[in-house]
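The structure appears right after this line, and notes come after that.
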Amino acid sequence: MAGAFRLPAAGRLDAGRTLRFTFDGVSHTGLAGDTLASALLANGVHLVGRSFKYHRPRGILAAGAEEPNALVGIHRDAARRTPNVRATVQELYDGLNAVSQNRWPSLSFDVGALNDLAAPFFSAGFYYKTFMWPRAAWERLYEPVIRRAAGLGVAPDQPDPDNYSNRFAHCDVLVVGAGPAGLAAALAAAEAGARVILADEQPQPGGSLRFESGAVIDGKPGWEWAQETVARLAAKDNVRILTRTTGFGYYAHNMVALAERLTDHLAAPDAQAPRERLWQVRAGRVVLATGAIERHMVFPGNDRPGIMLAAAGRTYLNHYGVAVGRRVAVYTACDSAYAAALDLKKQGIAVPVLVDARQAPQGGLVEQAREAGIEVLAGHAVTGTRGRLRLSAIEVVPVAGGPQRRVEADALLTSAGWTPAVHLFSQSRGKLAYDAGTGRFLPGTHAQNAVCVGACNGTTDLGMVVEEALHAGAEAAGQTGAQARGATARPEARSPEGWSAGIAGPAPGAEAGKGGKAFVDFQNDVTAKDIAQAVREGMRSIEHVKRFTTTGMATDQGKTSNLHALAIAARMLDKPVPEVGLTTFRPPYTPVTFGALVGHGRGALFEPTRRTPIHAWAEAHGAVFEDVGQWKRAWYFPKDGEDMHAAVARECRTVRQAAGIFDASTLGKIEVVGPDAARFMELMYTNPWARLEVGRCRYGIMLREDGFIYDDGVVGRLAEDRFHVTTTTGGAPRVLHHMEDYLQTEFPHLKVWLTSTTEQWAVIAVQGPRARDIVAPLVEGVDLSDAAMPHMSVRTCRVCGVPARLFRISFTGERGFEINVPADHGLAVWEAVWAQGERHGAVAYGTETMHVLRAEKGFIIVGQDTDGTVTPDDAGLAWAIGKKKTDFVGIRGLRRTDLVAPGRRQLIGLKTLDPSIVLEEGAQIVADPNQKVPMKMLGFVTSAYWSENCGHSIALALVEDGRARMGERLYVPMPDGTIEVEVTSTVFFDEKGERVHG
Amino acid sequence: MRKYSVFAIAREALRGHTGWPEQWASPEPKKEYDVIIVGAGGHGLATAYYLAKEHGITNVAVLEKGWLGGGNTGRNTTIIRSNYLYDESAGIYDHAVKLWEGLSQELNYNVMFSQRGVMMLAHNVHDVQVFKRHIHANRLNGVDNVWLSPQEAKEYCPPLNISPQARYPVMGAALQRRGGTARHDAVAWGYARAASARGVHIIQNCAVTAIRRGPDGAVTGVETTRGPIRARKIGVVAAGHSSVLMQMAGVSVPLESFPLQALVSEPVKPVFPCVVMSNTVHAYISQSDKGELVIGAGTDQYTSYAQAGSLHIVQHTLDAICEMFPIFTRMKMLRSWGGTVDVTPDRSPILAKTPVKGLYVNCGWGTGGFKATPGSGHVFAHTIARDEPHPINAPFTLERFRTGRLIDEAAAAAVAH
Amino acid sequence: MLLIYCPYCEEERPELEFRHAGEAHIARPENIAGISDEAFERYFFIRSNPKGIAYERWRHIHGCARFFNAARDTVSDRFLATYRTGEPKPRLEGEGQ
Amino acid sequence: MVEAARRTSPLEGRAFRGHGIVLAPAAPASRLSLRAAEEALPALSKALGLSLPRRPKTSAAEGGRAALWLGPDEWLVIDEQGADLPALAAGVSALHSAVDISHRNTAILVSGKRAEEVLAAGCPQDLCEARFPVGAASRTVFGKAEIVLWRTGKTVFRVECWRSFSDYVFSLLEKAARETM
């Protein structure tokens, strides 16, 4: 027998399939199909956790996702430790290892429980009123202590080795919840031919039929009907059934997010199998069949282990075959708990008393209970409980007053009524309506294409539930125009139980008892008195009450407690419940693993890593890479023993002495084609384009409409109606988007089309005095002489036998070529160029050398030497603005008052007086280094390098009125001393610019 | 105002905490006030408090359409820092940090300001350049901000993944040690209590439906859902709803309102000692006193007042969080929510007089307004009381969009928060 | 994630395929070079940012790549209409509420 | 004269075969990004030897050549035999833009009875046969990459993407394919 409290004649589990598990190191035996909670209860273990604030001993309250108390850590292995797992949801597997949380040194003896003795001090919001003196003590003393005391479980300390997954899904009808209502709705929708997804959080659908022993549907016991219906649905190809799947978020436009748990119930999951999967379902219509959640009774001492919800006790009995005690008392304010008492009695468990807060309960179940010999104490209250780590007795008094009676009991089932689970409905932005008659918030006006059925809709009679659900399912399918397939079932249902009635707030007669704290929110230790105190302190909105007391903010998000808190506040304020407000429900319905939300997006799949066709060669030749946007670019190519500085110095030197080869494939490329191509270019760039000859290139500057530099690049004209535009690496997508924006919405009359060709071409830059010698043997059909193909020209030709676009351009100031070949040929052409290069003493160089060489020539890098607040004139590029142009994007922005005012920061060069000092990029520049803080800063260093070719450091900087300061001495105050600099031209090497022409 | 202290708590403990007075009064609105503040968020309440305390103007009403502190004050991720690039920004945010440092004592309300340090991660060469520019500018402005190597960053925040194999390896970090977090609700409540004690009327569930102007164009009062209220000076501090309110006075503003989401995990024992922000992968995270990981997501791409955003925005943020902190994949999202943030074209606020006499506006804080709360309220009170800006908020004009004198933190730094 | 009807693809597509592109019906001034600072400010910076029906631009960037316009209620995020670039604002029921 | 440089496909050597799913790089093909207004369609159709589709989310295929509707004035033309597509378009005088993108894109063939479901790991469109029938083609997203998805058979899809995204796209497909549902 798996546990002393397992009943041989009860439950649906197979007694032959035993599983071993441990809790806090103690071994126990459970059955396949158990949850951790049912298995613990079967072994007589009720004490499973400690509360957040007072560290009070806590047991199992519920049998499902609403559980506030029974949170444990599940330790599968060192890297798979999951904190705050609800024992009521965790399915048992062989070898499961669970540990209790928030206690030290042990669960039964927890030093933190001293807090309980000091409880009078720890009233709601006490921390706002103290810990302020002395000032420094908050951070040094009080806060660390509070933090250590707070928190529940322990976060994992190793990376998670498990997989997670994502699926997008679409359906005509999504049914959330597979209790009687959800099953009936899904059945009707499926038989009407709709594409149906049915999701349920339990491993087996059935919902309330798990415990509702008297239910009969289609002439069969409810549970049996549920399993048959599931099988019938599963056989259809238009239905997908997702079990262990929680609908946790209802988003805009009928997107519902589901979290499916795939391996947490398995003893030895397949390593490839995802642990959880996120389903993002777009549904035509959503049927919410999310049921209702039972509320506990609020009375003094209501948190002792052994006290649980009536339906939970019944679930453990009827489904798991577990008795939650030997003598189980019941305390209720509604009918459904009577059924629990009857079921217990039928299994031979003593029910010493059934306490009903109502004065004169009536009806079939009440009569049956009396007939079964259960002592029903109507109009009574439980005013206290006894027992240290487990309930031993309850104290009962008449509501009207009278002698107290003590009843021995090792468990107490309570029910204050049922709260419709309107969470998803509310998330869908539907408006809730308060039904004063039954004291419930029910779905009111829908905001999306959804319908609520069953208990979440406030329907409590099983017959009506099924009828309403069948209708909703058929109607949902009808909306989508589905064609009926197969016979249509119209099962009838009945159950002796009713779920109506109940109370919110403290039980009558139990409010002022001396029997201890009456908890509203168990996990966060919020009592009825705390709520009352918050209201007294001026908290009039339920949101204030919540935040001040933290009620409803624990991991269960107040599923069993919110209505109680609201009722107490309403009573205190003497206002109707809806006027105090109801917190808007936000996703998720129950906590969702980060991993499920991340899905596949981890590690290599976190974001695409873009590599050029030449990447493999660079890797094989020892390149160090840098991230530029999503691209990996070769940064530098260290040889044996070289550090970055040495490698870059060598690369820089060699390019200017011989040649260098550089992978420029990541540069953005856009082909601009059409008879109006030049007109379009005139509008998008500051430069004039109309007269650019075919075969020639021009450096272009693109502005935003506000006049600031947006991008730059060399543009070649391939034909009258065709331009080959290049952009910065990072700018490629946004430049194309920006161009398309203007083309489609502002200049749609222009006959021109834009095509991204960034990845069509591999680009190999060959730069340096020997560049032509290297390139020449590989090129067919082009005269490469300076006269025939001068600097800033482009030719279509063949290189290494493949079609190519050959540019004579230079970002280094040396004679240079950029070979564009179709990308699949890039690697082979690179290797051919490299082979030629080696003969001429060339190096392969990376982005760092590219940066140094261009800085030696004063060429800017957009995004480094400009920052979104720099105009062409600021950057010394006023020459690139077509003076006669009457329109281009940015023309007006450029002329705004502040953009033409004196004192703007202008790009200049800086030389350090000590030539060996390399400034730090981002360092600030001042005129007077001895002024007091805050200092007046004139500008900052945008680029700074050691220039091997100049023999001194170089820098570019944006400095207030910079161009008027040539030769001026300025200062760069650093933490360890001030660096003196001189303002210079931005060109440091080959000032006359002769080398580029050969 | 009855003083809060450990002795007061002990006294109350003896009588079951039944003797605490209301933290703030809930009076019926009067017909007229000297100043009306529209919006009882942190900024609005702070403005009212400083009007009363620093300028002796106590005949003030703070009108709130919902419950006080219920907008972005109660929905943000509570990050406080001042390591902004431009002198103007550093000025106002550091003014705020200095006020934060004594705020609990000033208000006699523990706002739990915790200078746990705010660390901003650099993931590429460009980030390094940008952060160093900040660090140097901050140092010369007297604002603390230091550079950390990846190893130093890991020591400061042990869960951080600094593996060079990460998709975007950490190349270093900028750390402002004086930065940190505070308890957002306590800020609103503390200011509300202190302002109320000085005579300010806080009127909740009172939506402004119109702003009235006299024949000379100057404001004369407001219409509300609780009747008309007169005032010669009106300060609009309505965050995401600023456009709507300013339209009531006929003033167009350069604002757009976007949904911004945040989330918390289930509470766990202390595991995360500071605040970490990453702009490249876009996420920010800290751990609250309760033990929840508090995580800020990005804005949705479209304007909205729905106070709700899309799941994929949250997913992107968690992608980044789990990439930077791979130990958190098994943690669970407990709660997520949305706010409506008002964003200006240069991502800097507007704290200024308006073309309408008697109308003042404090808006455009985007995703980062919480940190400025005390400083913003302090200088806005000055602006209203003196009818001229305090030197600290003088640059944050409405006119700057006409002249081009923007304070473009976003463009300059690609840093939003 | 919104579901957006693309007037070019003639069906609803998930938001992941789209990019929002700001307020609609703000035409770039014909003679932009000659307008005042105030007019430039109105064109480039001032936005109506309505709480209610917003006219806005979207681009089906990962679909047909077209820009188009939409009318959307910024309180409910419900789309009232989407229409092609260049078409006038549609007349909507309930507008102005 | 040098020997014509060899081709290296970005997905060389990649393949996956699992339960109900096969992933394979497509053979190199020539591709054209074709842009044209309505008036030019007859001439272009004639030159290309197929009827350029005019309905959204459709394609036209003829022999080893296909034209996929991507936008109201945009087609992706694919020729599996590697025909010189720009040359064919060059002969058309009607207004259009033809840009060779043979190497910009690469393609992955996703086939098997799980193809739809594996693609649903990253593609948010409804891919059921009723909504995305054989012949349907659309630019869309797959995870964090843009793709062009073309259903060439009941259980066969061609996924076109830019070459530098192909590693990501293939890896994500493979990750999804390895999961048993």
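Any value given below was found using the heavy atoms of this structure, including those in side chains, with hydrogens, waters and symmetry copies removed. A note on names: the letters A, B, ... follow the listed sequences, proteins ahead of strands, and every chain is numbered from 1. Values in this document were obtained by computation on a predicted structure and should not be read as measured data.
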All inter-chain donor-acceptor pairs under 3.5 Å (chain D, chain C):
residue	atom	partner	partner atom	Å
D:Arg55	NH1	C:Glu10	OE1	3.1
D:Arg55	NH2	C:Glu10	OE1	2.9
D:Lys57	NZ	C:Glu11	OE1	3.2
D:Lys57	NZ	C:Glu11	OE2	3.0
D:Gln125	NE2	C:Glu17	OE2	2.8
D:Ser138	OG	C:Arg13	NH1	3.3
D:Ser138	OG	C:Arg13	NH2	3.4
D:Arg139	NE	C:Gly63	O	2.7
D:Arg139	NH2	C:Gly63	O	3.1
D:Thr140	N	C:His62	O	3.2
D:Thr140	OG1	C:Glu17	OE2	2.5
D:Glu146	OE1	C:His62	ND1	2.6

>> With a 6.0 Å cut-off (strictly less than), is the heavy-atom count around CD of D:Glu62, excluding the residue itself, greater than 12?
In response: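 It does not: D:Glu62 CD has 12 such atoms or fewer within range.
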>> For a 4.5 angstrom cut-off between non-hydrogen side-chain atoms, does C:Cys64 reach D:Pro56?
In response: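 No. Closest side-chain heavy atoms not under 4.5 Å.
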